[in-house]
Amino acid sequence: MSFPKTGLAEKDILTHLEANKSGDIPWQSGKTFAYTYDAGPEAMSIVHKAFDSYLTENALDPTAFPSILNLENEVIGMAAELMHGDENCAGTMTSGGTESILLMMKAVRDYNREHRPHIKEPEVILPSTAHPAFHKGCHYFDLKVVPVTVETDSYTPDPANIEKAITDNTVLIVGSTPSYAHCVVDPIIEMAAIAQSHNIFFHVDACVGGFYLPFVEMLGYPLAHFDFRVPGVTSISMDIHKFGYAAKGASIILYKHKDLRKYQIYGCARYPGYVVVNPTITSSKGGGPVAAAWAVMKFLGQDGYKKIVAETKAASEKLINGVNDIAGLKVLGQPAMNMISIAADSANVFSLIELMKTKGWHLQAQFENVNSPSNMHLTVCRNNIPQIDQLLQDLAESVRLIDSGEIKKVGTENIPKEFLHLLENLTPETFEQVTAMFGAGGNDDDGDLTEHMGEINTMLNQLSPPAREKLLIEFLSKLYSAQ
Ligand SMILES: *Cc1c(COP(=O)(O)O)cnc(C)c1O
């Protein structure tokens, strides 16, 4: 594809775009258990129309387009109500969970710079299950990560270990409701109490749970409070583009008190052009994600969300029980909602994912880390529900095929020590050798790599996290190459 000298016809362009998707995972099949969040065709249609109706408006200047400001304030109001914020609660719509988290971390850092200037090297306490977005925030804003390993089996931090990690430099503690990796909810009440007693900000990462867990509670499942009802919780992130079912590009950062949000806002008037004052990292931004989020929340209403939660939660329980009945498979932790992580005793989990892929299933690989074994992650959406029985049947059959040796399993024995050593000490040259080995030497055949994911994941799983990071950065850099 090159830049055409004269424009193409609309029909040809749209045909190309549709055909271009042919290599994507078929999320509509109900056999994909990650990446997309589905509330059904009617909700999807509203999201489309609302997004389209605000395609051109610019949220850069809320005084020029007060209509987007109104929609955003209303979305924030609905979210604050769901999280039991009071009249001091304030928030911002952002482009995603990562931006929500980054903004909160910047606000916390800048608040501390002003109010606790003696802190020269601010520290953030992160349980090992905290999302990478917090590591990214520490990386971007020069904050120090103080890791706390979660407990074996529960995959949640022991509050006593959180307290032990506090120093005079601690500015922030983070808890997840739930963590993405194992879908377990951290002991928020205890962690927030510790943070409060030391006068430290406490963030609840409800990116994936913010639009799900409140309805779990409303349905009567036992669930400890995790929102602004809990003393000590100072901010909450919640993504509308996950189980809020909005178009991608929609998340919320909420603060218990608007005073902290002020430190998130950036203004620049030392420039001969227009004055910049932004609550978010992005400056010019579309009204589409705001309008779509507002529309889907109004369309579904609390009852609509509750209904989807009831259905997907029941299907998840059926999946959990079914998996635990398969010899050799085990659900990790106690999932609080509709995501489950499954480890395999003897079958290499990455071989299992590959074998399942040949049967049309798309399951997400998660690497071994600290005390969490390698596993596969499944998110159960509405469109996955009719597929659960078949999924369980195929899982059982695949485990049997791998364990019996009828299907070759990719294992430790296949990866020479010298090769792993090479990867641990990666250079751009060795990276070229590696990609050549997997048949992805040129930019034109990188599709081949996906046929080797079982081996590649098995290999990555045996590397140290820094080596994995280096390798994946090289890989991504190669992937995004102009044609
Ligand atoms: C998805 C997720 C994030 C990051 O959200 P993005 O929208 O992908 O930036 C952060 N925390 C948790 C728990 C998540 O599930």
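The chain is numbered in sequence order, starting from 1. Order of listing sets the numbers, starting from 1, for every ligand and every atom in it.
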Throw together a table of side-chain donor-acceptor distances under 3.5 angstrom for residues 121-141, partners on residues two or more places apart or in other chains.
{"residue": "Glu123", "atom": "OE1", "partner": "Thr167", "partner atom": "OG1", "Å": "2.8"}
{"residue": "Ser128", "atom": "OG", "partner": "Val150", "partner atom": "N", "Å": "3.1"}
{"residue": "His131", "atom": "ND1", "partner": "Ala133", "partner atom": "N", "Å": "2.9"}

message = Side chains of Tyr54 and Ser67: any donor to acceptor distance under 3.5 Å?
response = yes
Evaluation steps, salt bridge (charged side-chain N to carboxylate O under 4.0 Å, His left out), between Arg113 and Asp110 = CA-CA 5 Å; Arg113 277 184 179 170; Asp110 290 357; 3.8 Å; yes
message = Among residues at least two apart in sequence or on other chains, which ones pass ring pair (Phe, Tyr, Trp, His ring centres under 6.0 Å) with Phe228?
response = none
request  = Output every pair passing salt bridge (Lys or Arg N to Asp or Glu O under 4.0 Å) with a member in residues 227-246, not counting sequence neighbours, ordered by first then second residue.
outcome  = Glu217-Arg229, Asp227-Arg229, Asp239-Lys242
remark   = Output for ligand 1, non-hydrogen cut-off under 4.0 Å, lists Gly96, Gly97, Thr98, Ile101, His131, Pro178, Tyr180, Asp205, Cys207, Val208, Asp239, His241, Lys242
task = Flag the pair Glu474 and Lys478 as a salt bridge only when some basic side-chain nitrogen lies within less than 4.0 angstrom of an acidic carboxylate oxygen.
result = no
